[in-house]
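This report refers to the structure that appears directly beneath it.
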Amino acid sequence: MTENPHDPAEPKSAEQKKAEQKKAEQKNAEHPPRTGPRPAPRWSQRGPASARAYAPVAAPTVCPVCGGPVEGELTCQFCGQVMVLPHGIHLSTVGLRFGGFLLENLLMICTLYIGWLIWAFLVFPRGQTPAKQLLHMRVIYIPEARAARWWRMFFREFIAKGIIGLLASVTLLIPYFWLLWDRNRQELWDKMATTLVITDPEDRLRPPRPPAASLPE
């Protein structure tokens, strides 16, 4: 019986073992194996558009302001502190949000809407509407933990609110009261725009003004 030189049971030669070992070393050098736990992704890169998905990875287990438990939460459920913002920046209360709604409509009536619209376009880049500016409130874009900019405010105030308004007209206005049971006091248009409404009486989150361009001499 003739011996098959390619029989898989045949032991490998020293040269074959050496070649395979060298090949494995090259592969490990190009793609080193992972050691230790895999690093957690940044909070601004995780998950769906749900506000809770943006809770910081290395979040404290207790609120630094009131001491309430906040593990895995974007905001403290007791004092409203926003975990990704400086200490003292809280969610706007339900009462303040309702007052802002009434004031917004009053300003629209008093300025025949045109004045309100011009005013709104001027303060949108600061994450505010006319009423929010007067009440020291601000809209925050959650993934970047900063004031919402012009286009996001435009989307929130005109497109998202328009869609929710149509929905509310056939659901007994229930969507307008969403913030009453939402963990982060978001309205449905806030969820669509990935925003929070906070109180910022000291303008700590006001976007810095761009430096003035120097004129050529």
Side-chain angles (χ1 to χ4, degrees), residues 49-52 54-55 63-68 70 73-111 113 115-150 152-165 167-168 173-207:
S50 169
R52 191 172 180 178
Y54 293 101
C63 175
V65 177
C66 71
V70 293
E73 297 286 352
L74 176 64
T75 61
C76 176
Q77 303 301 303
F78 296 91
C79 70
Q81 167 70 36
V82 183
M83 293 297 107
V84 296
L85 297 179
H87 294 178
I89 301 295
H90 299 80
L91 293 173
S92 295
T93 64
V94 173
L96 190 59
R97 294 284 296 272
F98 182 68
F101 169 77
L102 295 179
L103 180 59
E104 207 81 77
N105 285 274
L106 179 61
L107 291 173
M108 288 180 183
I109 296 172
C110 292
T111 62
Y113 191 75
W116 179 91
L117 193 63
I118 296 172
W119 187 354
F121 283 178
L122 292 175
V123 296
F124 273 3
R126 307 172 194 167
Q128 292 177 313
T129 61
K132 285 180 172 59
Q133 184 183 34
L134 294 178
L135 297 176
H136 302 287
M137 300 161 67
R138 200 178 301 278
V139 177
I140 297 299
Y141 179 46
I142 301 171
E144 297 181 8
R146 59 163 174 79
R149 298 297 190 259
W150 201 94
R152 189 161 300 276
M153 290 297 296
F154 181 88
F155 171 79
R156 180 183 185 273
E157 296 299 319
F158 295 104
I159 300 177
K161 283 188 176 182
I163 294 173
I164 300 305
L167 178 63
L173 304 180
I174 293 175
Y176 284 132
F177 300 96
W178 195 272
L179 83 165
L180 294 177
W181 55 79
D182 189 85
R183 299 181 69 84
N184 298 295
R185 298 178 199 163
Q186 287 179 298
E187 291 282 16
L188 289 179
W189 50 80
D190 285 311
K191 292 186 178 296
M192 292 175 66
T194 323
T195 56
L196 293 175
V197 179
I198 57 95
T199 302
D200 187 17
E202 299 176 357
D203 279 345
R204 297 166 66 186
L205 297 179
R206 177 173 177 168

Close side-chain approach of [X] to [Y], heavy-atom, < 4.5 Å:
| X | Y | value |
| --- | --- | --- |
| K132 | L103 | no |
| V139 | L196 | no |
| M153 | T129 | yes |
| M83 | C63 | yes |
| I164 | M192 | yes |
| V70 | Q77 | no |
| Q128 | M137 | no |
| V65 | H90 | yes |

Exercise. Tell me, with the steps shown, if T195 and I142 meet side-chain contact (heavy atoms from CB on, under 4.5 Å).
Key: CA-CA 5 Å; T195 56; I142 301 171; 5.5 Å; no
Exercise. List the steps, then state whether side-chain contact (heavy atoms from CB on, under 4.5 Å) holds for L85 with R204.
Key: CA-CA 10 Å; L85 297 179; R204 297 166 66 186; over 6 Å; no
Can you tell me how far [atom2] of [Y] sits from [atom1] of [X], rounded to the nearest 0.5 angstrom?
| X | Y | atom1 | atom2 | value |
| --- | --- | --- | --- | --- |
| W178 | K191 | CH2 | NZ | 7.5 Å |
| I89 | I140 | CD1 | CD1 | 7.5 Å |
| L102 | F98 | CG | CZ | 4.0 Å |
| K161 | L188 | NZ | CG | 12.0 Å |

Ignoring hydrogens and angles, tell me if any N or O in the side chain of [X] forms a donor-acceptor pair with the backbone of [Y] under 3.5 Å.
| X | Y | answer |
| --- | --- | --- |
| R149 | A147 | yes |
| E104 | A131 | yes |
| N184 | Q186 | no |
| D190 | E187 | yes |

Quiz item: Do NZ/NE/NH1/NH2 and the carboxylate oxygens of R206 and D200 come within less than 4.0 Å?
Solution: no
Exercise. Could you list the residues that satisfy side chain to side chain donor-acceptor pair (under 3.5 Å) with R126, not counting sequence neighbours?
Key: none
Self-check item: With sequence neighbours excluded, residues passing side chain to side chain donor-acceptor pair (under 3.5 Å) with R185
Solution: none
Practice problem: State yes or no: are the ring centers of W189 and F155 separated by less than 6.0 Å? | Solution: no
Quiz prompt | V197 and R97: CA distance, side-chain angles, deciding distance, side-chain contact (heavy atoms from CB on, under 4.5 Å) verdict | solution = CA-CA 8 Å; V197 179; R97 294 284 296 272; 3.6 Å; yes
Quiz item: Who are the ring-ring contact (aromatic ring centres under 6.0 Å, His included) partners of W119, not counting sequence neighbours?
Solution: none
Practice problem: Using the six-membered ring wherever Trp is involved, compare the ring planes of F158 and W116 and label them parallel, tilted or perpendicular (cut-offs 30° and 60°). | Solution: perpendicular
Practice problem: Kindly confirm or rule out a cation-pi arrangement of R146 over Y141, judged by NZ or CZ under 6.0 Å from the six-membered ring centre and within 45° of its axis? | Solution: no
Quiz item: So with a 6.0 Å cut-off around CZ of F121, is the heavy-atom count from everything else above 12?
Solution: yes
